[in-house]
J.: 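Handing you a structure now.
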Amino acid sequence: MFLHCGKFKIDLSTPKVMGIVNVTPDSFSDGGRNLEVEAAIAHARLLIDEGADILDIGGESTRPGAAPVSDQEELDRVMPVIEGLRDISIPISIDSYKPEVMRAAIAAGASMVNDVNALQSDGALNELAKTNAAVCLMHKQGAPQTMQHHPQYQEIVFEVNTFLHGRISAAKAAGIGSERLVIDPGFGFGKTLEHNLALLKNLQSFTLIGVPVLVGLSRKSMLGAITGRDVGQRLVSSVAAALIAVQRGASIVRVHDVRETVDGLRVLQAIE
Ligand code: 8Y7
């Protein structure tokens, strides 16, 4: 299976690693916008050296409890980073649910959109339809500020499946071909530990949909709940989770720790 991603065609016959590049002030000490941008560009280049296949650049935290930022603030954060990475040879994904940010990022060279809102924002479907960028459609329940308060499902695997089917249909109806689509069950986005574990255990049911599956488990609180470790101590559990996801059919893993994840995947690849 190939993912059509702007000018790139990503071969998903082997698993791919998406490296996370956050451009948010709380990721750095108070060095100001310029230092923030330079640090993000340097980090992006490090992740490429470590073997990232895709970079995911985000300017608004969608972690549980995070507050939204304005379109302009998000643009001010991510655009100089995308522009500073014009020379790289791997695809850039823009992590945003805002149509205006998607448009500007794609115009500046991004070839994928990672949308935690699955193109449900007003105008997002049309914005993507005008491009040849790939898009990741992620499931979440509720808004980041409140989604972890009372996550509730009758049957989580079925409900997430139904939602993703619906978003694939909406994307196709808007003119976005399925060769440009990726789906993601959205670990931690309005889900309890039990919900997350059910999704991971049954990940294969999402691969049956016929669209590549992307998974983000890196350093997430469910790993903290399982291991008892805080966010800085979740490297081993993150790599373990990425390997489980790939063994259950994930094509792309979104991670902070690219080098270690690539090593883990190499061991799996060696026997396949
Ligand atoms: C995910 C994500 C985050 C994820 C996709 C974090 C932006 C929280 N998680 N995008 N974004 N999937 N597609 O801890 O699981 O990285 S933000």
Side-chain angles (χ1 to χ4, degrees), residues 3 5 16-24 26-27 40 43 47 52-69 74 77-78 91-98 101-102 105 110 112-121 124 128 133-145 147-148 151 160 163-164 167-168 171 180-191 193 195-197 199-200 203 206 211-225 230-232 234-235 237-238 241-242 244-246 250-258 261:
L3 177 65
C5 189
K16 295 294 173 279
V17 174
M18 171 186 264
I20 300 170
V21 180
N22 287 319
V23 204
T24 48
D26 57 9
S27 314
H43 189 62
L47 296 187
D53 300 293
I54 308 169
L55 293 177
D56 191 36
I57 299 178
E60 175 182 326
S61 175
T62 39
R63 286 226 174 82
V69 301
E74 196 174 327
R77 290 179 187 176
V78 297
I92 289 178
S93 159
I94 173 69
D95 162 15
S96 183
Y97 58 86
K98 299 189 178 84
V101 176
M102 295 174 187
M112 180 169 179
V113 169
N114 176 26
D115 185 359
V116 299
N117 205 29
L119 301 184
Q120 294 176 103
S121 307
L128 256 289
V135 59
C136 179
L137 304 167
M138 197 197 78
H139 175 273
K140 67 171 163 49
Q141 184 180 87
Q145 276 177 297
M147 65 191 178
Q148 289 305 102
V160 173
F163 172 84
L164 293 174
R167 296 317 298 159
I168 292 169
R180 294 166 53 195
L181 299 177
V182 175
I183 52 172
D184 182 341
F187 288 97
F189 284 80
K191 282 129 192 154
L193 174 61
H195 294 142
N196 288 318
L197 292 174
L199 289 173
L200 184 55
L203 197 68
F206 299 102
V211 164
V213 172
L214 185 153
V215 159
L217 288 158
S218 185
R219 301 183 187 171
K220 282 193 175 169
S221 65
M222 68 178 278
L223 302 177
D230 70 17
V231 66
R234 295 180 192 158
L235 171 58
S237 53
S238 294
I244 292 170
V246 167
S251 296
I252 305 173
V253 286
R254 179 181 179 276
V255 305
H256 300 88
D257 302 290
V258 168
T261 306

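Residue numbers start at 1 and run along the sequence shown. Here the structure is a predicted model, which means the values were calculated and not measured. Atoms within a ligand are numbered from 1 in the order they appear, just like the ligands themselves.
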J.: State the OG-CD distance between S96 and E60, to the nearest 0.5 angstrom.
T.: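 So the OG of S96 and the CD of E60 are separated by 7.0 Å.
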J.: Over all heavy atoms of both residues, which pair between Q148 and G190 is shortest? Give the atoms and the distance, please.
T.: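 Answer, listing the atom of Q148 first, then G190: OE1-N, 2.8 Å.
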J.: Exactly which residues line ligand 1, taking a heavy atom under 4.0 Å from it as the test?
T.: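 Close residues (ligand 1, cut-off 4.0 Å): T62, R63, D95, N114, V116, C136, M138, D184, F189, L214, G216, K220, R254.
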J.: R254 and side-chain contact (heavy atoms from CB on, under 4.5 Å): which single residue from D56, V215, D184, T261 fits?
T.: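 Exactly one option meets the side-chain contact (heavy atoms from CB on, under 4.5 Å) with R254, and it is D56.
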J.: When rounded to the nearest 0.5 angstrom, what is the spacing between NZ in K140 and OG1 in T62?
T.: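 Rounded to the nearest 0.5 Å, the NZ-OG1 separation comes out at 9.5 Å.
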J.: Is there a side-chain contact between R167 and M138, using heavy atoms and a 4.5 Å cut-off?
T.: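 No; the side chains remain at least 4.5 Å from each other.
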J.: If the condition is salt bridge (charged side-chain N to carboxylate O under 4.0 Å, His left out), which residues does R77 pass it with, not counting sequence neighbours?
T.: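 Checked R77 against salt bridge (charged side-chain N to carboxylate O under 4.0 Å, His left out); matches are E73.
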